[in-house]
Amino acid sequence: MRLLEAFRGTAIQLPNRIAMAPMTRGRADDTTGVPHPMTAEYYAQRASAGLIVSEGVWIDQAGKSGPGIPGLVTAQHAEAWRQVTEAVHEKGGRIFAQLWHAGRVAHPGVTGRTPVAPSAVRQAGRIFSAEGWTDTVEPRALGEEEVGEVVRDFAGAARRAVEAGFDGVELHGANGYLIQQFLAGNTNRREDRYGGSVAARLAFPLEVVAAVVEQVGAAKVALRISPGNPENDIVEDDGKEVYSRLLAELRRYELAYLHVIDTPDTEALSYLRPLWPGTLVANLRSEEPTSREEGELLIGSGLADVVAFGRLFIANPDLPTRFALDAPLARADHDVYYGARLDGYTDFPAFDPDPAKFACSARS
Ligand SMILES: Cc1cc2nc3c(=O)[nH]c(=O)nc-3n(C[C@H](O)[C@H](O)[C@H](O)COP(=O)(O)O)c2cc1C
């Protein structure tokens, strides 16, 4: 099975090609943003993944997009993350921190502040806040100097991440959050050096990459993108041009990897893979979780070097072993995906080949 083969990239070497996709689980202390003590065990249980990408971690309180999301701003955050990285390393794993600013997909009910964005364009639909599903609010457009502050916040969080033992950082440029809000024409209506033309819309994401690379080195930096993904009310009419130019600019760095979320509608991998000679991690977004068969096809076709699996890792902490043994896969109820509850987090058992001891859908 190709997924189980080792991967040797320029910057990252992995024992298999199975990554754990970043997944918010909402278990952190909602007041402080400090990860829950059980978070170390949760990730350590999943250390047989070739690479773990952590849940999105806010780089500034204003960019926190929902209850119970952890941060990486204070010494207390860093100390709690150190427990996580040490636990993963002890089990032989590797873990990148996903650095996240939600931009307009934040809510005063969660952050206590008016959300910020490239432009004052309110997101259609509702978002998840402390009070449950809530109407979005109109964000405030960041001033030019404030954009620079956010760039510095990304760089500061990257430094803290590496100091806390993370093997690198993945910048969250996907799913309609702040970085993608600068890239997309419907959310970026600026007419300064951060908007107005495709080149200007690329400026903020490229400044973030440059600042983070300067701080921790390109080999520890990755970027996640979801070209054409309409999530969180994004419209990318000229997405092909935007992302092709973005990759042309990024090729100057030997980044750890580029992480591309693809869907049957966007077909991003087919036009981006030829433009990206470096390591490419792919993830598929659809109703059903990315499957082993889809992963094999992505590797076999050369569209990806590594495949990220999200939902399957929630209930199958030992996913590579299950793939290897063709073992049954457990399913997690959607109810346990997010929230302060502690069941449905570290209590999914590893596969036991003795059928008498193992019930596929049960938690211990
Ligand atoms: C519970 C949950 C939380 C998620 N949180 C994040 C996140 O913090 N950052 C991110 O980039 N994607 C996040 N995603 C998206 C996943 O990384 C992935 O793209 C998606 O689940 C599709 O992959 P899958 O089919 O293998 O599950 C999340 C998905 C789920 C199910």
Side-chain angles (χ1 to χ4, degrees), residues 3 17-28 33 35 39 42-43 46 49 51-59 63-72 95-103 105-106 127-128 157 169-181 222-232 234 257-266 268-269 281-298 304 306-316 319-320 322-323 329-341 344-345 348:
L3 282 169
R17 293 160 182 260
I18 299 166
M20 176 176 168
M23 278 182 297
T24 292
R25 303 299 310 277
R27 265 73 174 177
T39 301
Y42 165 72
Y43 284 112
R46 287 154 181 80
L51 176 69
I52 295 173
V53 186
S54 82
E55 61 211 278
V57 175
W58 44 267
I59 57 147
K64 177 184 174 189
S65 93
I69 297 178
L72 191 38
I95 180 166
F96 272 45
Q98 192 189 49
L99 302 185
W100 186 15
H101 192 305
V105 193
I127 52 175
F128 200 73
V169 296
E170 177 181 288
L171 306 171
H172 194 346
N175 302 347
Y177 298 106
L178 186 67
I179 291 179
Q180 194 172 14
Q181 289 161 29
L223 175 68
R224 190 176 215 211
I225 53 174
S226 57
N229 179 1
E231 196 172 333
N232 288 318
I234 287 287
Y257 61 89
L258 178 74
H259 191 167
V260 178
I261 301 177
D262 205 357
T263 70
D265 298 334
T266 47
L269 285 167
V281 178
N283 172 245
L284 302 177
R285 194 111 204 203
S286 65
E287 277 296 288
E288 287 300 310
T290 308
S291 67
R292 182 180 80 181
E293 293 70 24
E294 288 170 323
E296 282 294 303
L297 276 175
L298 285 168
V306 175
V307 177
F309 295 87
R311 285 163 287 179
L312 287 186
F313 262 109
I314 293 181
N316 301 279
L319 191 62
R322 295 199 198 210
F323 281 173
L329 295 175
R331 284 245 174 195
D333 288 345
H334 189 276
D335 302 6
V336 306
Y337 282 9
Y338 307 100
R341 57 192 293 171
Y345 193 44
F348 289 102

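Please read all numbers here as calculations on a predicted model, not as lab measurements. Counting convention: from 1, in listed order, for ligands and their atoms alike.
Side chain of Gln180 to backbone of Asn175: a donor-acceptor contact under 3.5 angstrom is found. Between the Arg311 side chain and the Tyr337 main chain, no donor and acceptor come within less than 3.5 Å of each other.
To the nearest 0.5 Å, atoms CD1 (Ile52) and CD1 (Ile18) are separated by 12.5 Å.
Contact of the Glu231 side chain with the Ser226 side chain is not registered, since no non-hydrogen atoms from C-beta on lie closer than 4.5 Å.
The residues lining ligand 1, counting any heavy atom closer than 4.0 Å, are Ala21, Pro22, Met23, Thr24, Gly56, Gln98, His172, Asn175, Arg224, Asn283, Leu284, Arg285, Glu288, Pro289, Thr290, Phe309, Gly310, Arg311, Tyr337, Tyr338.
A search for ring-ring contact (aromatic ring centres under 6.0 Å, His included) contacts involving His172 returns Trp100, Tyr177, not counting sequence neighbours.
Note: Phe309 and Phe323 have perpendicular aromatic rings, judged against thresholds of 30 and 60 degrees for the angle between ring planes.
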